[in-house]
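Only one structure is covered here, and it is reproduced in the block below.
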Amino acid sequence: MVAALSSREDRTRVRRLPEKQVTDRAALDAVLDAARVAHVAVVDEVGRPYVVPVAHARDGDAVLFHGSTGSRLFRGLAAGAPTCLTVTLLDGLVVARSTFESSMHYRSAMVLGVATRVPDDEKPRALEVLTEHLMPGRWADARHPNAKELAKTMVLSLPLDEWSVKVSDGPPDDDPADLDRPVWAGVVPMRVSWGDPVEAPDLRGDHPVPGYVRRWTGG
Ligand SMILES: Cc1cc2nc3c(=O)[nH]c(=O)nc-3n(C[C@H](O)[C@H](O)[C@H](O)COP(=O)(O)OP(=O)(O)OC[C@H]3O[C@@H](n4cnc5c(N)ncnc54)[C@H](O)[C@@H]3O)c2cc1C
């Protein structure tokens, strides 16, 4: 059994490598805004934990994610189950002389709390925020959800009240005794980029790739 951390400060204090903790709210926003996937934890009625990958978007002082109204895990969250949402951005590999000191460059965020269900009348706007975060520019072009689709969709909002950010960067931090090893050491940055858009096989008519898609892909 893991010991419970009772205060907010205790729950969000990074213990391992605490110098990597960043407490600026702007850093939290930057991590949430740069990622398109979050992982949301939920524990079921018999205490089994699940971690669900979801699309997310920050909406001011909350993070939104959506799922099926039929999902038992989403229903559990909507009923008030405490959760932990994490976002991880991998920025590189730190290739040290020892495997022990080899690590990663990353930016990660954890948000703790209880999510609430976005009311029906606010759902369309919340879905617009999600769509525009995932596919900037697309909301204006795509068909918006109809009443049946809205009824099948649950949008949850988790407040950005209790959170932490950890950023790992810098060169390898090898043990001095390893510095004379005859091997290369350094950092290999990692970049994620979009590929060339591939047209839907059932595309009807002559529709060029939209300008906003070109902007994502730099094309
Ligand atoms: C890409 C990646 C790979 C990693 N690989 C490993 C690994 O292989 N082994 C390993 O031990 N650790 C790894 N970490 C670090 C790991 O995420 C935790 O930070 C660490 O294991 C737990 O630290 P702790 O004991 O201080 O946290 P805990 O005591 O478990 O947590 C206390 C509080 O610190 C905050 N916190 C802890 N970790 C993070 C985080 N990553 N981001 C934001 N807030 C955080 C949370 O608010 C949490 O409630 C990795 C992190 C990333 C992003």
Side-chain angles (χ1 to χ4, degrees), residues 1-44 47-65 73 76-77 80-116 130 133-134 156-175 178 181 183-194:
M1 186 58 95
V2 179
L5 302 172
S6 52
S7 75
R8 166 190 298 235
E9 288 68 29
D10 228 20
R11 282 192 295 269
T12 54
R13 183 167 55 78
V14 172
R15 290 161 176 77
R16 311 273 315 134
L17 306 175
E19 68 281 6
K20 294 185 187 296
Q21 180 153 19
V22 182
T23 53
D24 270 1
R25 170 57 200 269
L28 172 70
D29 291 359
V31 173
L32 294 173
D33 293 351
R36 284 176 168 77
V37 176
H39 287 83
V40 184
V42 58
V43 176
D44 73 9
R48 277 198 207 94
Y50 293 83
V51 177
V52 189
V54 292
H56 77 282
R58 186 176 63 83
D59 183 24
D61 292 333
V63 60
L64 302 173
F65 52 101
L73 297 176
L77 289 173
T83 189
C84 170
L85 176 147
T86 66
V87 162
T88 307
L89 296 160
L90 184 57
D91 294 325
L93 292 178
V94 179
V95 184
R97 278 99 175 164
S98 68
T99 52
F100 185 83
E101 294 296 349
S102 295
S103 61
M104 292 167 171
H105 278 183
Y106 59 76
R107 289 161 288 157
S108 66
M110 264 191 212
V111 183
L112 309 175
V114 173
T116 53
L130 273 164
H133 176 62
L134 298 172
L156 292 168
S157 172
L158 180 63
L160 299 178
D161 287 340
E162 207 173 308
W163 54 269
S164 57
V165 171
K166 200 170 169 182
V167 175
S168 184
D169 52 18
D173 184 20
D174 273 304
D175 188 310
D178 287 328
R181 286 190 75 80
V183 289
W184 182 85
V187 171
V188 185
M190 183 174 157
R191 309 211 196 293
V192 177
S193 62
W194 300 108

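Atoms within a ligand are numbered from 1 in the order they appear, just like the ligands themselves. Just so it is clear, the model here is predicted, and its values are computed rather than measured.
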Under 3.5 Å: donor-acceptor pair, side chain of [X], backbone of [Y]:
{"X": "H105", "Y": "G170", "value": "yes"}
{"X": "R8", "Y": "D161", "value": "yes"}
{"X": "T83", "Y": "A41", "value": "yes"}
{"X": "D59", "Y": "L64", "value": "no"}
{"X": "E101", "Y": "A96", "value": "no"}
{"X": "H56", "Y": "V63", "value": "no"}
{"X": "R58", "Y": "D33", "value": "no"}

How close does the nearest protein non-hydrogen atom get to [atom], and which residue and atom is it?
{"atom": "atom 34 (O) of ligand 1", "result": "R13 O, 3.3 Å"}
{"atom": "atom 14 (N) of ligand 1", "result": "Y106 OH, 4.5 Å"}
{"atom": "atom 16 (C) of ligand 1", "result": "K166 NZ, 4.4 Å"}
{"atom": "atom 24 (P) of ligand 1", "result": "R16 CG, 3.3 Å"}

Is the closest protein non-hydrogen atom to [atom] under 4.0 Å?
{"atom": "atom 12 (N) of ligand 1", "answer": "no"}
{"atom": "atom 4 (C) of ligand 1", "answer": "no"}
{"atom": "atom 19 (O) of ligand 1", "answer": "yes"}
{"atom": "atom 38 (N) of ligand 1", "answer": "yes"}
{"atom": "atom 51 (C) of ligand 1", "answer": "yes"}
{"atom": "atom 28 (P) of ligand 1", "answer": "no"}
{"atom": "atom 9 (N) of ligand 1", "answer": "no"}
{"atom": "atom 47 (O) of ligand 1", "answer": "yes"}

Close-contact set for ligand 1 against [X] heavy atoms, below 4.0 Å:
{"X": "R11", "value": "32 (C), 33 (C), 46 (C), 47 (O), 48 (C), 49 (O)"}
{"X": "V14", "value": "26 (O), 34 (O), 35 (C), 36 (N), 45 (C)"}
{"X": "M104", "value": "1 (C), 3 (C)"}

Record the part of [X] in heavy-atom contact with ligand 1 below 4.0 Å; permitted values are side chain, backbone, both and neither.
{"X": "Q21", "result": "neither"}
{"X": "R15", "result": "both"}
{"X": "T88", "result": "side chain"}

Q | Pairing of D175 and R181 as salt bridge, 4.0 angstrom limit | A | no
Q: Give a yes-or-no answer on whether the side chains of K20 and S168 include a donor-acceptor pair shorter than 3.5 Å.
A: yes
**Q.** Interatomic spacing from OG1 in T23 to CH2 in W163 - rounded to 0.5 Å
**A.**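 Between T23 OG1 and W163 CH2, I get 6.5 Å after rounding to 0.5 Å.
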Q. How far does CE of M110 sit from CZ of R11, to the nearest 0.5 angstrom?
A. 13.0 Å
Q | Contact (N/O only, under 3.5 Å) between S108 and ligand 1 | A |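 Yes, there is a polar N/O contact under 3.5 Å.
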Q) Given S164, S168, S103, P18, which one has a non-hydrogen atom that is nearest to atom 43 (C) of ligand 1? A)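 The option holding the nearest heavy atom is S164.
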Q: Could you check D169 against D91 for side-chain contact (heavy atoms from CB on, under 4.5 Å), going step by step and ending with a plain yes or no?
A: CA-CA 8 Å; D169 52 18; D91 294 325; over 6 Å; no
